[in-house]
Amino acid sequence: MSTVTTYKVTGMTCGHCEGAVVEELSAIEGVTSVKATASTGEVTVTSAAELDEETVRAAVDEAGYELAGRA
């Protein structure tokens, strides 16, 4: 069964931002899909199991944005 978690990410302003966040989060082991929406700052991650929040934070940081927590 998949786990779906929505996070708030600050700093995304456009499609390029969304793409950068999606690319980094998609690289996390177990992630099956990522949808980022710059207008709301929400990123929805579908994964095989619950993700470690620090792992998600590191991926968002790598993309150049800040994880504000769960939405």
Side-chain angles (χ1 to χ4, degrees):
M1 188 170 145
S2 293
T3 300
V4 178
T5 311
T6 302
Y7 298 96
K8 285 295 249 183
V9 175
T10 56
M12 293 190 302
T13 56
C14 64
H16 175 78
C17 301
E18 293 170 353
V21 170
V22 168
E23 183 178 348
E24 290 297 335
L25 290 174
S26 295
I28 297 173
E29 188 175 335
V31 171
T32 54
S33 81
V34 181
K35 182 181 189 318
T37 308
S39 61
T40 61
E42 291 187 349
V43 180
T44 302
V45 180
T46 304
S47 55
E50 188 76 28
L51 296 175
D52 176 62
E53 192 155 321
E54 288 309 308
T55 303
V56 174
R57 184 178 306 280
V60 171
D61 284 349
E62 187 66 32
Y65 304 95
E66 186 178 342
L67 180 67
R70 291 180 182 226

Query raised in the report: What do the steps show when you test Val56 against Val45 for side-chain contact (heavy atoms from CB on, under 4.5 Å), and what is the final call?
Result: CA-CA 10 Å; Val56 174; Val45 180; 5.6 Å; no
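Qualifying side-chain hydrogen bond (donor to acceptor under 3.5 Å, both in side chains) partners for Ser33, counting only residues two or more places apart in sequence or in other chains: Thr46. Take Glu53 and apply the salt bridge (charged side-chain N to carboxylate O under 4.0 Å, His left out) test, not counting sequence neighbours, and it matches Arg57, Arg70. With sequence neighbours left out, Thr44 forms a side-chain hydrogen bond (donor to acceptor under 3.5 Å, both in side chains) with Thr6. Applying the side-chain hydrogen bond (donor to acceptor under 3.5 Å, both in side chains) test to Thr5 and every residue at least two apart in sequence or in another chain returns nothing.
Pairs of residues two or more places apart, or lying in two chains, never qualify as salt bridge (Lys or Arg N to Asp or Glu O under 4.0 Å) while including a residue from residues 23-36.
Judged by distance alone, with hydrogens and angles left aside, the side-chain atoms of Thr37 form no donor-acceptor pair with the main-chain N or O of Ser39 at under 3.5 Å.
The shortest distance between side-chain heavy atoms of Thr3 and Leu51 does not fall below 4.5 Å. Side-chain contact between Leu67 and Asp61 is absent, with no heavy atoms from C-beta onward closer than 4.5 Å.
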Kindly list each side-chain donor-acceptor pair under 3.5 angstrom involving residues 7-18, sequence neighbours excluded, with atom names and distances?
{"from": "Lys8", "atom 1": "NZ", "to": "Thr40", "atom 2": "O", "distance (Å)": "2.9"}
{"from": "Thr10", "atom 1": "OG1", "to": "Glu66", "atom 2": "O", "distance (Å)": "3.3"}
{"from": "Glu18", "atom 1": "OE2", "to": "Ala38", "atom 2": "N", "distance (Å)": "2.7"}

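Considering all non-hydrogen atoms of both residues, Ala20 and Ala63 come closest at O-CB, 3.6 Å.
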